[in-house]
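Just so you know, residue 1 is the first one in the sequence shown, and it goes up from there. Counting starts at 1 for both ligands and their atoms, following the listed order. Given the structure is predicted, the values throughout are model-derived calculations rather than measurements.
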Amino acid sequence: MKQYRSLAEIQTDLQSHAISVKQLVEAYLQRVEEKKHLNAFLEVFASEALENAEQIDAKLAENKAGGLAGMVIGLKDNICYKGHKVSASSKILEGFESLYSATVVERLLAEDAIIIGRLNCDEFAMGSSNENSAFGNVLNPLNEKKVPGGSSGGSATAVAAGLCLATLGSDTGGSIRQPASFCGLVGLKPTYGRVSRYGLIAYASSFDQIGTFTHTIEDASLLLEIMAGKDEYDSTLSSEEVPKYSKALSFSKKTNIAYYKSYVEHEGLDPEIKKRFFEIIEKLKQQGHSVTEHDFPFLDYLVPAYYVLTTAEASSNLARYDGIHYGYRSNNATDLNTTYTKSRSEGFGPEVKRRIMLGTYVLSAGYYDAYYTQAQKVRRILRDKTNEVLSTNDFILLPTTPHTAFDIGQQVADPIKMYLEDIYTVQANLTGLPAISLPLGKHSNNMPFGLQLMGKSFCETEMFSFAKNLINL
Ligand code: GLN
């Protein structure tokens with residue numbers, strides 16, 4: 001079967017009967033099998049996907065199929081799907097099955113998407129390389145010696161390797177955009193409050209957002225349109241109308257784009273990414289857009305504020321995994337207390353433990369003001385300063401990652417270095433703003449890299465249409 005890159009191509013072939021949904025699913029299943037060594041899938045829902053495919057074929061024959069007929073999609077293993085296992089790639093959720101489906105899953109299924117399986121990720125979405133999974137690391141299909149990025153590494157690899165058409169991930173500090181950059185894909189993190197988090201296993205609740213990995217902006221916009229919007233199960237959701245993003249992709253207006261000097265001059269930024277960044281800026285200017293350089297003297301505060309606040313939230317969110325309510329329980333416990341301590345000590349991996357300890361520390365009575373309160377204040381300043389630039393500009397253009405995908409094993413020994421991988425992505429999460437990584441570059445080392453567009457709150461329509469212009473430059 002040909003390698004499809006968009007739902008439109010698939011739907012054209014479904015309409016002309018060149019393929020059926022069942023044949024499509026069979027072909028993906030075969031490819032998943034052939035590419036097993038990439039370790040992208042933790043579980044494939046093969047027989048169920050085939051059954052659903054038959055039903056959707058029947059609906060298509062009667063012209064009653066939903067808008068996502070032919071969309072074969074994978075879920076990051078932190079998104080709940082009723083009656084299916086979900087583990088956040090952690091041993092502590094061993095054997096746990098979802099009792100309900102995430103709102104996003106229900107909405108996709110209602111439009112006849114097919115869910116083909118659940119995808120490997122960093123444990124509890126903590127990581128930048130997918131090397132923190134309890135089920136082994138994931139390979140980058142473009143160069144199998146390299147990481148796919150993280151934490152949604154399985155989601156990125158699955159799309160890049162053609163194991164399904166699109167995947168869902170979660171982005172707390174870059175976990176969609178960074179792997180999208182490393183694997184040459186479109187990676188979308190919507191505005192905080194745009195997509196329901198109901199059924200997403202929480203890492204840091206005031207940062208987490210579900211988003212997509214796709215080859216095209218059309219597919220990202222269509223999936224968002226279907227997933228977004230009010231949900232009585234998530235009170236942080238906005239009641240703002242959900243536009244028909246996928247119908248509003250044509251772009252005409254002159255746009256004001258800002259970029260930060262300190263970001264592009266950062267010593268950690270690969271010179272080839274920097275060069276490409278300025279090439280794109282030149283092209284935008286030639287199109288008649290205004291591109292202005294701004295100061296943002298806060299770059300060094302982004303990653304520390306992110307790690308203080310997210311670890312604090314994580315230490316609280318992960319308190320529920322106590323060996324009693326869910327999944328793994330230690331066999332070595334002798335009483336209630338050791339049930340807690342041993343189940344947690346044996347069930348969580350090293351990075352998750354590090355973050356729980358860090359988070360507990362920054363929330364502890366003696367240090368709360370010095371770290372947690374301080375970081376909250378920094379978050380407010382970052383948000384205000386970012387919105388200030390966006391009050392006179394439509395978008396901020398920035399790199400997604402400081403370099404292309406690194407070698408497996410290269411950074412695991414140095415957590416601080418690993419945390420700095422997130423330098424360009426955490427701003428969108430600290431501020432709640434929407435951001436999209438677009439595959440805009442190819443390095444002389446043969447690996448792709450993305451550039452990132454960050455927009456105003458709830459301005460995804462403009463972001464998609466401008467992204468479409470950008471990707472065609
Ligand atoms: N790499 C970041 C971290 O390790 C981002 C994770 C995420 O977005 N889930 O926290």
Looking only at N/O atoms, are [X] and ligand 1 under 3.5 Å apart anywhere?
X	value
A125	yes
D171	no
Y203	yes
G150	no
S128	yes

Next on the checklist: Looking only at the aromatic ring of each residue, does the gap between the centers of F124 and Y203 stay below 6.0 angstrom?
Outcome noted: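 Ring-ring flag for Y203/F124: false, centres at least 6.0 Å apart.
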Item to check | Part of K189 with heavy atoms under 4.0 Å of ligand 1, whether side chain, backbone, both or neither | outcome: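 Neither part.
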Checklist entry - Taking non-hydrogen atoms only, is T172 closer than 4.0 angstrom to ligand 1 via side chain, backbone, both or neither? => result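 For T172, backbone and side-chain atoms both sit under 4.0 Å from ligand 1.
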Checklist entry - Under the 6.0 Å and 45° cation-pi test, does R379 pair with F207? => result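 That pair qualifies as a cation-pi contact.
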Checklist entry - Cation over ring, K91 on Y328, under 6.0 Å and within 45°? => result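 Yes, a cation-pi geometry holds between K91 and Y328.
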Can [X] and [Y] be counted as an ion pair, charged N to O under 4.0 angstrom?
X	Y	value
K275	E272	no
E97	K85	no
K468	E218	yes

Checklist entry - In a check of side chain to side chain contact (heavy atoms under 4.5 Å, CB included) between T360 and each of I356, V362, L363, which one passes? => result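 When side chain to side chain contact (heavy atoms under 4.5 Å, CB included) is applied between T360 and each of I356, V362, L363, only I356 qualifies.
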Item to check | Protein residue, atom and distance nearest to atom 6 (C) of ligand 1, heavy-atom basis | outcome: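 Protein heavy atom with the smallest distance to atom 6 (C) of ligand 1: S175 OG, 2.8 Å.
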Next on the checklist: If the cut-off is 4.0 Å to any non-hydrogen atom of Y306, which atoms of ligand 1 fall inside it?
Outcome noted: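 What qualifies from ligand 1 is 2 (C), 3 (C), 5 (C), 6 (C), 10 (O).
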Next on the checklist: Can you check which of Y307, F207, Y419 brings a heavy atom nearest to atom 3 (C) of ligand 1?
Outcome noted: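 Of the listed residues, Y307 has the closest heavy atom.
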Next on the checklist: So for R355, does at least one of its heavy atoms come nearer than 4.0 angstrom to any atom of ligand 1?
Outcome noted: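 Checking ligand 1 against R355, which is what was asked, there is a heavy-atom contact under 4.0 Å.
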